[in-house]
**Q** 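Dropping a structure here in structure tokens format, bear with me for questions.
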Amino acid sequence: MARLVIVSNRVPVLGRRAQAGGLAVALQSVASPGTLWFGWSGQTAHETSSTPKIGEARGVSYATLDLSASDYQHFYVGFSNATLWPLFHFRTGLMRYSRDDYAGYRSVNRSFAEALLPLLRPDDLVWVHDYHLIPLAEELRRLGYTGRLGFFLHIPFVPPAVLQVLPPAAELVRMLCAYDLAGFHTRRFAQDFLASAKDLAGAQVTEDTVRLDGRVTSVGAFPIGIDPAAFARSAVRAMETGYIARVRESLQSRALIVSADRLDYSKGLPNRLEGFGRLLARFPQHHRKASFLQIAARSREDVAEYQSLRRELDRMTGDLNGRFSHFDWVPLRYMTQMVQRPRLAGLFRMARIGLVTPLQDGMNLVAKEFVAAQDSEDPGVLVLSRFAGAAEQLRDALIVNPYDSDEIADAMHAALEMPLEERQRRHDSLREAVFQGTAAQFCASYLEAFQAVPI
Ligand code: ADQ
């Protein structure tokens, strides 16, 4: 069996599960003894390191590099999060582009390739993750590496008409074609990549391959999942804790509506608060009967757009509560901290509605976690954006267009009124989808396709 080498921008803190985010949780299941995990340490230093720090935990080797302050700025804050992130979420108006940022992005990928190459063996399966590292394969090939290189994109891919807004769009597509396998969450993202390769780079494409400069790249859809059994167990255990008892007491038998996201403009937070405002304005029967808890963990605070989003949400929260609160009822509870995963699982389990309404999302694992956490005897209702990749699998959620605040309000109203039988029927179908498409299954199907690509 070939050795697996995972390359991702952030490497989860050695062996500590509790701190892991979406990508890390999904990949834990394949990070078995013998695996090498390579990436950025999350630290800045005087200079970008040329040799990695090596550590080991539970048989997995971790190799990490520090970034210089200037590389961090151009590569991470700049090109990755102020150029590619908005572009791939269809927000061309928020995209900022500078040649300096792009040069920094290329140079960090070159440094990654140079530091990684000496650690690689010819028969490794090198699996590269996400938009920060698109050029890595091309850099490794330039250095003479001929082994298997696979890529998986955790965010959406856009049609050529959107992608071409980026000045080096064609180069980016060509870089993706240096991989042997390019994986996406959904069929639609894969098709948008194929169309971009054809239109912007002049590649020859079939339904699932791209041929460019004599190299063939396989293209596929691999929907990511969670570890639903573990999340469900954690939700059940959480119900016995003092934390959940305190939440329950504070609710005073009111229905809990819950959302948890990184504080990011792709997650549709203002539209969601607007939707909750429309619910309260149009359906006064829910006043004092429901409380909405929005947990929005602060994220990327050094990017300007995230600071202005935070100010907007502070203002909206004040407006909404000022308009609807009573002396004994505050409709919206808004927090900007991370919540420990077991507590989050408990909150999801006790909620009547899980409100997941991103404007655009690669997959959205919160939707799957909400489903996994439910009590099948008395399940809550998932309200889900049609623009989350998860909507392709979670068809029995109440699917909404997140740009229509009245549609969000209608769905919340329907969820609050929904009879037990319909809640159970919908939940059974969602549960099946979440328990079938797990993180382990995602990894297994990607690696199976990866091993099958001819090189
Ligand atoms: P994210 O944009 O981070 O991931 P998501 O898929 O929802 O979005 O994963 C977030 C993870 O962080 C979940 O496990 C969630 O429980 C946790 N989380 C969110 N808010 C939290 C909070 N306030 N406190 C504690 N934990 C919180 C990117 C893409 C997604 C894609 C994943 C995986 O943007 O579309 O689904 O990668 O590929």
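Both counts, for ligands and for their atoms, begin at 1 and track the order of listing.
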**Q** Just to verify, what does Y102 make a ring pair (Phe, Tyr, Trp, His ring centres under 6.0 Å) with, not counting sequence neighbours?
**A**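 For Y102, the residues satisfying ring pair (Phe, Tyr, Trp, His ring centres under 6.0 Å) (neighbours in sequence not counted) are F79.
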**Q** What atoms in ligand 1 come closer than 4.0 Å to a heavy atom of L344?
**A** 16 (O), 25 (C), 26 (N), 27 (C)
**Q** Apply the side-chain hydrogen bond (donor to acceptor under 3.5 Å, both in side chains) test between Y306 and each candidate in R300, R298, E301, R262; give the one that qualifies.
**A**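 The passing option is R300.
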**Q** Would you say M363 and ligand 1 have an N/O pair spaced under 3.5 Å apart?
**A** yes
**Q** What are the atoms of ligand 1, with element, lying closer than 4.0 Å to any heavy atom of V366?
**A**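 Result: 7 (O), 15 (C).
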**Q** At a 4.0 Å threshold, what atoms of ligand 1 neighbour a non-hydrogen atom of A260?
**A** 20 (N)
**Q** Would you give the length of the straight line joining atom OG1 of T35 to atom CG of L125, rounded to the nearest 0.5 angstrom?
**A** 10.0 Å
**Q** Looking at ligand 1, is there an atom of it that comes within less than 4.0 Å of some heavy atom belonging to W85?
**A** yes
**Q** How does K267 reach ligand 1, if at all, at less than 4.0 Å between non-hydrogen atoms: by side chain, backbone, both, or neither?
**A**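 Within the 4.0 Å criterion, K267 contacts ligand 1 through side-chain atoms alone.
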**Q** Find the distance between CG (L149) and CD (E138) and round it off to the nearest 0.5 Å.
**A**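 Those atoms lie 11.5 Å apart.
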**Q** Would you mind running through ligand 1 and noting each atom that sits below 4.0 Å from a heavy atom of R262?
**A** 1 (P), 2 (O), 3 (O), 20 (N)
**Q** Under a 4.0 angstrom heavy-atom cut-off, which atoms of ligand 1 come close to G362?
**A** 35 (O)
**Q** If you compare all heavy atoms of P379 against all heavy atoms of S376, which two are closest, and at what distance to 0.1 Å?
**A**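 Nearest pair, atom of P379 first, then S376: CD-O, 3.5 Å.
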**Q** With respect to F152, determine whether any N or O atom, backbone or side chain, lies less than 3.5 Å from an N or O atom of ligand 1.
**A**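 No: no nitrogen or oxygen of F152 is under 3.5 Å from one in ligand 1.
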**Q** Check for a donor-acceptor pair, side chain of T217 on one end and backbone N or O of Y179 on the other, with a separation under 3.5 Å.
**A** yes
**Q** Step by step, work out the ring pair (Phe, Tyr, Trp, His ring centres under 6.0 Å) result for W127 and F450.
**A** CA-CA 9 Å; W127 189 7; F450 194 17; 7.4 Å; no
**Q** Would you mind listing every side-chain hydrogen bond (donor to acceptor under 3.5 Å, both in side chains) that reaches into residues 237-248, with sequence neighbours excluded?
**A**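 Qualifying pairs, neighbours excluded: none.
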**Q** Does any N or O atom in I224 lie less than 3.5 angstrom from one in ligand 1, N or O only?
**A** no
**Q** Taking both backbone and side-chain atoms of H89, is any N or O found less than 3.5 Å from an N or O belonging to ligand 1?
**A**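 Min N/O separation from ligand 1 is not below 3.5 Å for H89.
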**Q** Contact between H185 and ligand 1, counting heavy atoms under 4.0 Å?
**A**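 Heavy atoms of H185 do come under 4.0 Å of ligand 1.
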**Q** Would you please test Q294 and L332 for side-chain contact (heavy atoms from CB on, under 4.5 Å) and show each step?
**A** CA-CA 7 Å; Q294 170 66 62; L332 172 63; 4.3 Å; yes
**Q** Between the candidates R341, H154, M338, which shows the shortest non-hydrogen contact distance to atom 33 (C) of ligand 1?
**A** H154
**Q** Taking a cutoff of less than 4.0 Å between a non-hydrogen atom of the residue and any ligand atom, is Q337 in contact with ligand 1?
**A** yes
**Q** For residues S291 and R254, is any side-chain donor paired with an opposing acceptor at under 3.5 Å?
**A**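 There is no such pair between these side chains.
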**Q** Taking distance alone, with N or O pairs closer than 3.5 Å, would you say V339 contacts ligand 1?
**A**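 Among all N and O atoms of V339, at least one is under 3.5 Å from an N or O of ligand 1.
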